[in-house]
Amino acid sequence: MRDEVIITGIGGQGIQLMAKTLALAATRGGLQAMLTSDVGGEMRGGPSQASVVVDDEGLRALPILPSTKSVVVMHHKHSAFALGRLVPGGLALVNSSVADPAAIRDAEVIAVPALEIARAADAPNAAGFVMLGAYATLRLIVDVAALGEAMRELVPPYRAQHVAANLRALEAGAGTVLAA
Amino acid sequence: MTAATARQLHDGCAAITESAIAAGCRFFAGYPISPFTGLLENMSRRLPEAGGHCLNAESEIEAVNMALGASAAGARAATGSCGQGLALMQEAIAELALNELPLVIFNMARNQQDYFQATRGGGWGDYRTLTLAPKDVPEAVEHTQLLFHLADRYRAPVMLYGDPLIAQTHVSVDVAARDFGPLPAKDWALDGSSGGTGHSRQIWTWAMGKATEPGPGPDGHWRAVAAKFDEIAGTEARSETYRADDAETLVVAFGSAALFVEHVVDELRADGHRVGLFRPVTLWPFPGDDLAAATRNASRVLVFELNAGQMLDDVRQFTHDRGAVRFIGGVSIHASGLSFGPLLDVGPIRERILEAAA
Amino acid sequence: MTEAAPRLVARDRPDLILGDHGLCPGCGEPLALRILLEVLEELDIVRRSVGVVGHGCYGSFVQIMDVEVLQCLHGRAPSCATGIKRVRPGTVVFTMQGDGDMVNEGLQEVLHTAARGENVTCVLLNNGVFGDTGGHQTATTVVGQRTKTSLDGRDPETHGYPIPLAELVASLAGVCYVARGAVSSAGGVARTKRMLRSAFEHQLAGDGFGLVEILTMCPTGWFVPAGSGPQYLTSSLEAAYPLGELPLRGQP
Amino acid sequence: MSRGTVSIDVERCKDCDLCVQACPPKVLEMSAEVNEMGYRFPVLHDGCTGCTACQLVCPDYVFQVYRFDVAPDEPHPPGQAAAPDG
């Protein structure tokens with residue numbers, strides 16, 4: 001079982017926390033994961049991208065993926081690199097609250113209005129976790145409960161107040177895919 | 001706990017921190033500079049939990065001198081930075097070498113442009129710096145503990161040449177303590193106990209000793225230290241080859257760059273090209289004899305490194321046929337200045353190898 | 001009544017700002033940049049000014065300030081400023097440095113430059129963290145302040161005490177002006193601008209070394225929402241670093 | 001009655017809220033919509049005095065401040081003030 005995903009967007013969207021949650025959930029489940037991130041110098045607003053590769057044993061993967069089976073587009077800005085690496089017919093999960101799904105060609109495009117869903121789930125800052133819940137449900141590498149545990153472990157003490165909202169967002173994201 | 005579930009998700013900085021602690025490192029001093037900052041961050045959180053000390057130094061000059069002091073007092077100590085910060089540490093690295101003090105230095109570099117700085121050094125006097133260059137996080141974990149052993153065994157500063165991909169790539173890795181065998185006690189370490197005995201200890205690069213017990217002095221001492229580095233040069237060189245036995249074209253690359261070349265070698269082999277990889281694992285001592293052997297049958301030796309050509313000098317010096325050597329690397333920097341640029345990617349590397357092998 | 005034509009009373013930024021700085025929401029440093037450039041314009045010294053900039057988030061100002069700039073090594077700005085001013089006394093030389101740059105890496109440089117009475121103006125942007133690396137402890141991190149390298153708050157037992165740079169400089173002869181302002185309120189910005197103006201006026205009069213320390217908000221490095229920067233600054237930094245013009249005990 | 005008004009470059013705003021806090025007559029409020037970067041931005045309501053407090057504290061330089069020497073007869077509509085010409 002191998003999966004690869006590049007998550008792309010702008011600083012402040014929680015892209016690095018999404019990717020780390022996925023990689024940690026896989027690790028806790030006894031799988032091997034590799035996660036790389038590429039962020040600009042600034043803390044906010046600059047390009048933010050992360051790649052996650054998951055395998056059973058003997059994971060051999062490059063920190064800069066030559067190609068990827070799936071992409072999660074949190075924002076259209078800076079998404080050219082990730083979309084350029086998507087294999088033809090690969091999965092493109094798009095945060096349609098901000099990015100335009102129609103702009104993506106030659107892929108299985110799934111639009112998720114993550115911001116609206118996050119607000120509806122009373123988790124306005126957790127659009128990233130809505131997308132992660134949707135992605136994990138599409139790919140079935142790790143389940144939403146494992147993601148919730150990994151997120152709980154990763155959220156630093158000075159942001160613990162967001163854990164409950166993040167969990168609601170994960171569930172809401174998974175629900176969107178199951179309902180579709 | 002099975003091997004699988006013993007694994008933790010660590011980025012290189014965190015994995016190196018756990019590995020250093022497992023090796024008995026109990027002192028670390030550093031100054032924030034990306035991507036080294038992650039190592040300082042992890043050390044400042046984890047080292048006190050392990051009964052150690054982590055200092056936020058006011059600059060790199062003070063950081064390396066704090067570590068020098070801790071080492072002189074017998075602790076397993078470490079420091080680090082990127083090339084820019086290590087430039088401020090050069091004097092102290094020479095001082096450590098000529099004081100015969102062990103220290104592990106982590107260059108969590110921004111790119112491969114510090115090869116000369118690491119292998120030639122910018123300090124004063126005859127000294128060299130044993131330098132290991134891991135290609136990924138698991139190897140960085142191995143090298144970290146090996147370096148603490150080698151530093152103590154040879155009583156010298158040693159270096160790990162990391163990079164942004166190693167610093168920031170998370171992998172599921174199991175960081176267990178490795179045993180490299182016993183080492184002599186550090187009876188040279190300062191703890192005040194020999195005071196007033198007429199044989200009180202002294203650590204000094206000039207090694208002139210005391211009035212009652214003169215030391216070898218600069219001439220004798222520096223020749224002895226130089227001899228030690230010759231011994232290291234003869235015994236500690238390390239390299240690795242990948243599908244190189246029948247290679248017509250041999251690519252030479254170190255660190256993360258070698259990881260990408262491995263992937264390209266597999267692709268090109270699948271297309272029928274007889275291409276292989278030679279990877280220096282120690283940058284100093286450079287594995288010259290291994291390279292000479294590996295290049296005996298190669299008609300092309302292609303050097304791929306992310307700088308303007310530095311390891312190129314060492315490859316030209318030891319390759320079986322100097323005329324076969326060609327440089328296919330280059331300077332390639334991320335827009336932020338803090339990481340590799342677009343040249344470190346499967347596509348461009350493949351093109352440069354094919355073009356040079358045409 | 002006729003429709004009154006609106007009169008422009010405040011421009012968003014001086015022409016000397018050429019583009020976007022890209023810093024975090026609620027950052028105080030762009031406010032310091034704007035008032036400094038406004039002072040250069042108001043004193044009509046833009047064409048004689050040379051800025052010497054250290055390393056930190058404000059480093060992005062080097063690309064957007066329309067003033068001659070030397071991007072120098074971390075901590076070395078006061079020394080470079082000395083060199084420039086000595087060979088070109090007709091210029092107006094200022095440094096712009098963060099607390100990590102001036103009070104950590106370059107403490108020796110600013111103190112010796114002050115003691116030599118160099119006729120330059122040093123500007124310290126003090127937010128108590130290394131913002132550029134993501135919020136790590138510096139020499140001015142106040143007791144109890146949480147940073148990425150003092151997660152449980154600065155504890156004098158292990159991290160020692162913060163260094164009040166302005167007071168240190170004020171104790172040296174050769175110093176003609178030392179003030180500390182804060183950009184955490186509209187009034188604070190206006191008062192800090194007046195301090196900058198006084199410092200530059202002293203330099204123009206050849207009175208010797210001037211320092212303006214400006215407390216700036218860094219919500220990202222302080223683990224607080226952008227909007228809470230001003231309150232955090234007032235409650236934590238201002239408590240350790242009182243505002244105002246400092247008395248100069250070292251008068252020759 | 002507004003004795004002043006502001007123009008707001010909403011695309012530069014990063015939703016830091018400093019202007020809303022600094023505004024003496026409390027006539028600035030954050031929008032519900034977001035700009036291209038995903039940030040909310042300030043909206044001006046009636047009662048602006050043209051005091052420039054918002055311009056002084058804005059780290060992203062989004063405000064231009066104007067004063068009406070003679071107060072306009074009708075209150076200007078809530079929401080973002082159009083940039084006056086001239």
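Atoms considered below: every heavy atom in the structure, side chains included; atoms not considered: hydrogens, waters and symmetry mates. Proteins come first, then strands; the chains are lettered A, B, ... in the order of their sequence lines, and each starts at number 1.
- Looking at C:His55, there are no atoms closer than 4.5 Å to chain B (heavy atoms on both sides), in backbone or side chain.
- When each of C:Val212, C:Leu172, C:Leu211, C:Leu165 is paired with C:Val178, the side chain to side chain contact (heavy atoms under 4.5 Å, CB included) condition holds for C:Leu211 and for no other.
- Interface remark: B:Ser44 contributes side-chain atoms only to the contact with chain C (heavy atom separation under 4.5 Å).
- Side-chain atoms of B:Gln145 and B:Ser19 form a donor-acceptor pair, as typed in the model, at a separation below 3.5 Å.
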B:Val158 vs B:Leu132, side chain to side chain contact (heavy atoms under 4.5 Å, CB included): CA-CA, chis, key distance, verdict
CA-CA 8 Å; B:Val158 296; B:Leu132 288 168; over 6 Å; no
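- In terms of heavy-atom pairs under 4.5 Å with chain C, the best-connected choice from B:Glu60, B:Arg45, B:Gln84 is B:Glu60.
- Proximity to chain C is absent for every atom of B:Leu55, based on heavy atoms less than 4.5 angstrom apart.
- Of the listed residues B:Asn56, B:Leu88, B:Thr37, B:Ile33, the one with more heavy-atom pairs under 4.5 angstrom with chain C than any other is B:Asn56.
- C:Tyr232 has its ring centre no less than 6.0 Å from the ring centre of C:Phe223.
- Between B:Phe28 and B:Phe106, the ring-plane angle classifies as tilted under the 30° and 60° cut-offs.
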